[in-house]
*Asks:* 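Got a structure for you, questions after.
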Amino acid sequence: MSDVTRRTWLGGLSAAGILAAAGARGAIEPNDKFDLVIKGGEVVDPSQSLRAKRDVGIRFGVIEALDPEIPAARAQRVLDASGKLVLPGLVDLHAHTYPYGSAIGIPADETVPFSGVTTVVSAGDAGANNLAALRRHIAAQTRTRMFAFVHIANNGLSAFPVAELYNIDNAQVEACALALAENPDFVIGVKVRMSENVIFKHGAEPLRRAIQACEMSGRPAKIMVHIGGVETAALMSQILDLLRPGDILTHCYSGAPNLAGQFTNIVQDGKLLPAALEAKRRGVIFDIGHGGGSFDFTVAEAAIAQGAPPDTISSDLHVVSGNTPGMPFLPWVMSKFLPLGFSPEQVVAMATSAPARVIDRGPKLGTLQVGAPGDVSVMEWVEGPVTFVDTRGNTRGGTAFLKPVQTVNTGVVFGRPFQAPFAVR
């Protein structure tokens, strides 16, 4: 015993506990009780091409059963989801969740009642200089599962609204590459904002440095590039040409003008840029990133009609955008694509299984398959006339929208109910 330290004893205990739990999970018997059963809802899980009435049984934080009927007697706790949609926990590919470190960061857990999000990606809140604080002091203490894109600018968004890349020296390739290499379980890739009001007259150089950092890291890291108000139409095409398969074009349907008031986004004069169509065909991910100024119905409609539909729907939720008329909480942004011709199943897929694949967590996140973490978003399908507004004041009418009711994170009911939720016992 003299050679056993507290650390090794605790480590052994943790490993033993994990193995015991795994063994118990694998040996579930017909009379064993689930920790939680979500009963009576209509499951919509595009990862399994499933839309049907199913009960969801969760034990040890993991989905153990997805059956037409699980007796209530087999549950320690029951959530009655009758009349509701039961979705995989939503995965928000673009949000800003670094409170106190990023000038626009919002605590992820506080948004859960309004979002149904169980996994969130911090989109460039932190650069190499403050990434460790995001990981240790925010992500580690947040119930919502969190990943991140590290900003090519060393200071991330800490100086917002001061532009982080007016001084190109802030884009330190080696420091960014080291942050990528040291955090493979947390950092997905590199974020770079390419709007003229962020990068001044540096052209494609910030994006080139972001790509260089990815390649230098020795990892298959991805780029997330922010557009909207790019300096020139030629630069917009150059950005698209530089993106690699698997890289992410966020704010893909932005209609924001540049500093001269010119519209230099992927749709110009009603026509989709050839470079945008080529990027789409090459495997670049088109992500919504709605935010407070980055989604235009007219751009979306033209791009979709001309061959560039979205791959993922994300919110770009932060302390500023959350108070704008567009209300970029993820279920509301998802709902905006219903009047654009997408089915409920397609909309759900773009906020669950599709972003999970983009962050290379596809087999387990964004799904309700047995063995996945017990992440569930229960929604109400609200029918009736509804008006949606984009970030440029354009409106579109709809006939239904998704409304969050309750969120379950790794098997635990999480966040206060959005409004008079279903029964809990």
Side-chain angles (χ1 to χ4, degrees), residues 93-96 98 102 121-131 134 147-160 163-184 186-232 234-252 254 265-266 275-276 279 282-287 289 294 312 314 316 358-360:
L93 185 62
H94 181 157
H96 293 280
Y98 189 3
S102 162
V121 182
S122 168
D125 289 305
N129 288 359
N130 54 354
L131 179 68
L134 171 64
F147 300 99
F149 284 91
V150 62
H151 206 301
I152 186 60
N154 281 6
N155 57 336
L157 297 177
S158 62
F160 185 93
E164 66 271 17
L165 287 171
Y166 257 49
N167 181 350
I168 194 63
D169 289 342
N170 286 335
Q172 295 288 315
V173 173
E174 294 83 359
C176 186
L178 185 61
L180 281 169
E182 291 181 338
N183 296 276
F186 180 59
V187 177
I188 307 301
V190 179
K191 172 76 177 290
V192 56
R193 300 202 302 158
M194 292 295 291
S195 300
E196 183 183 9
N197 63 357
V198 175
I199 65 170
F200 191 49
K201 305 296 181 183
H202 297 306
E205 181 62 15
L207 176 56
R208 289 197 184 96
R209 292 192 185 193
I211 293 171
Q212 186 181 357
C214 287
E215 294 173 347
M216 186 181 292
S217 73
R219 291 180 49 204
K222 300 176 181 180
I223 295 293
M224 175 181 276
V225 60
H226 153 132
I227 59 166
V230 172
E231 182 185 4
T232 65
L235 178 57
M236 184 69 252
S237 291
Q238 189 176 5
I239 290 167
L240 290 162
D241 289 341
L242 285 169
L243 293 177
R244 309 161 303 170
D247 286 342
I248 302 149
L249 183 77
T250 196
H251 311 316
C252 64
S254 173
N265 300 301
I266 69 167
R282 196 164 63 245
V284 172
I285 304 300
F286 280 50
D287 175 60
S294 300
T312 55
S314 64
D316 186 23
V358 171
I359 63 172
D360 300 319

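Heavy-atom basis, side chains included; hydrogens, waters and symmetry copies ignored.
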*Asks:* Which pair of non-hydrogen atoms, one from Ala175 and one from Ala128, has the smallest distance, and what is that distance?
*Replies:*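 Result for this residue pair: O-CB, 3.6 Å.
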
*Asks:* Drop me the distance from Glu215's CD to Ile223's CD1, to the nearest 0.5 angstrom.
*Replies:*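 One finds 8.5 Å between CD of Glu215 and CD1 of Ile223.
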
*Asks:* Can you find a heavy atom in the side chain of His96 that is under 4.5 Å from one in the side chain of Asp316?
*Replies:*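 A side-chain contact under 4.5 Å exists here.
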
*Asks:* Could you tell me whether the side chain of Val284 reaches within less than 4.5 Å of the side chain of Leu240, counting heavy atoms only?
*Replies:*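 They are not in contact (no side-chain heavy atoms under 4.5 Å apart), so the answer is no.
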
*Asks:* Any non-hydrogen side-chain atom of Lys191 less than 4.5 Å from a side-chain atom of His94?
*Replies:*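 The answer is yes, as the side chains (C-beta and beyond) meet within the 4.5 Å cut-off.
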
*Asks:* Quick check: closest heavy atoms across Ser217 and Cys214, and the distance to 0.1 Å?
*Replies:*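 Heavy atoms only, the tightest pair is OG-O, 2.7 Å.
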
*Asks:* Is a donor on one side and an acceptor on the other found under 3.5 Å between the side chain of Asn170 and the backbone of Glu164?
*Replies:*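 Indeed, once roles are kept as given, a pair shorter than 3.5 Å links the two residues.
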
*Asks:* Just wondering, do Leu134 and Phe186 contact through their side chains at under 4.5 Å, heavy atoms?
*Replies:*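 In contact.
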
*Asks:* Heavy atoms only: give me the nearest Ala213-Ile152 pair and the separation to one decimal.
*Replies:*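 Scanning both residues completely, I find the closest heavy atoms to be CB-CD1, 4.3 Å.
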
*Asks:* Does any non-hydrogen side-chain atom of Leu207 lie less than 4.5 Å from one of Leu243?
*Replies:*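 Contact flag for Leu243/Leu207 side chains = yes.
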
*Asks:* Check whether any side-chain N or O of His251 sits under 3.5 Å from a backbone N or O of His226 as a donor-acceptor pair, and report yes or no.
*Replies:*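 No; zero donor-acceptor contacts below 3.5 Å.
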
*Asks:* Quick one: pull up CG in Asp287 and OG in Ser314 and give me the separation to the nearest 0.5 Å.
*Replies:*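 Asp287 CG to Ser314 OG: 3.0 Å, rounded to 0.5 Å.
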
*Asks:* For the residue pair Asp125 and Ser102, what are the closest heavy atoms and their distance?
*Replies:*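 Closest heavy-atom pair between Asp125 and Ser102: OD1-OG, 3.1 Å.
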
*Asks:* Any heavy-atom pair between the side chains of Gln238 and Arg208 that's under 4.5 Å?
*Replies:*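 Yes; the side chains approach each other to less than 4.5 Å.
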
*Asks:* So, the side chain of Asn130 versus the backbone of Ala126: is there a donor-acceptor pair under 3.5 Å, distance only?
*Replies:*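 Absent.
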
*Asks:* Please report the closest heavy-atom contact between Gly228 and Ser254, naming both atoms and the distance.
*Replies:*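 Looks like CA-OG, 3.4 Å.
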
*Asks:* When rounded to the nearest 0.5 angstrom, what is the spacing between CG in Asn155 and CG in Leu165?
*Replies:*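 Rounded to the nearest 0.5 Å, the CG-CG separation comes out at 8.0 Å.
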
*Asks:* Between CZ of Arg219 and CG of Leu180, what distance do you get to the nearest 0.5 Å?
*Replies:*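 Result: 5.5 Å between the selected atoms.
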
*Asks:* Nearest 0.5 Å please: distance from the CE atom of Met194 over to the CD1 atom of Ile199.
*Replies:*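 Nearest 0.5 Å value for the CE-CD1 distance: 4.0 Å.
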
*Asks:* Can you tell me how far the CD1 atom of Ile227 sits from the CD1 atom of Ile239, to the nearest 0.5 Å?
*Replies:*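 It is 7.0 Å, given to the nearest 0.5 Å.
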
*Asks:* Checking the side chain of Lys222 only, and the main-chain atoms of Val358 only, is there a donor and an acceptor separated by less than 3.5 Å?
*Replies:*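 Yes.
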
*Asks:* Parallel, tilted or perpendicular: which fits the ring planes of Phe200 and Tyr166, with parallel below 30° and perpendicular above 60°?
*Replies:*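 Taking Tyr166 first and then Phe200, their aromatic rings sit tilted (interplane angle of 30° to 60°).
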
*Asks:* Under 3.5 Å, side chain of Ser195 to main-chain N/O of Val198, donor-acceptor pair present?
*Replies:*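 Side chain of Ser195 to backbone of Val198: no pair is present.
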
*Asks:* For a 4.5 angstrom cut-off between non-hydrogen side-chain atoms, does Arg244 reach Ile211?
*Replies:*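 Yes, their side chains come closer than 4.5 Å.
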
*Asks:* Which atoms form the tightest heavy-atom contact between Ile188 and Phe149, and what is the distance?
*Replies:*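 In this case the closest contact between Ile188 and Phe149 is CG2-CZ, 3.6 Å.
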
*Asks:* Walk me through whether Met224 and Val121 qualify under side-chain contact (heavy atoms from CB on, under 4.5 Å).
*Replies:* CA-CA 11 Å; Met224 175 181 276; Val121 182; 5.7 Å; no

*Asks:* Would you please test Val225 and Asp247 for side-chain contact (heavy atoms from CB on, under 4.5 Å) and show each step?
*Replies:* CA-CA 8 Å; Val225 60; Asp247 286 342; over 6 Å; no

*Asks:* Can you name the salt bridge (Lys or Arg N to Asp or Glu O under 4.0 Å) partners of Glu205, sequence neighbours left out?
*Replies:*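 For Glu205, the residues satisfying salt bridge (Lys or Arg N to Asp or Glu O under 4.0 Å) (neighbours in sequence not counted) are Arg209.
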
*Asks:* Test side-chain contact (heavy atoms from CB on, under 4.5 Å) on Glu231 and Met236 and set out the steps.
*Replies:* CA-CA 8 Å; Glu231 182 185 4; Met236 184 69 252; over 6 Å; no

*Asks:* Do the non-hydrogen side-chain atoms of Leu157 and Tyr98 ever get within less than 4.5 Å of each other?
*Replies:*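 No - every pair of side-chain heavy atoms lies 4.5 Å or more apart.
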
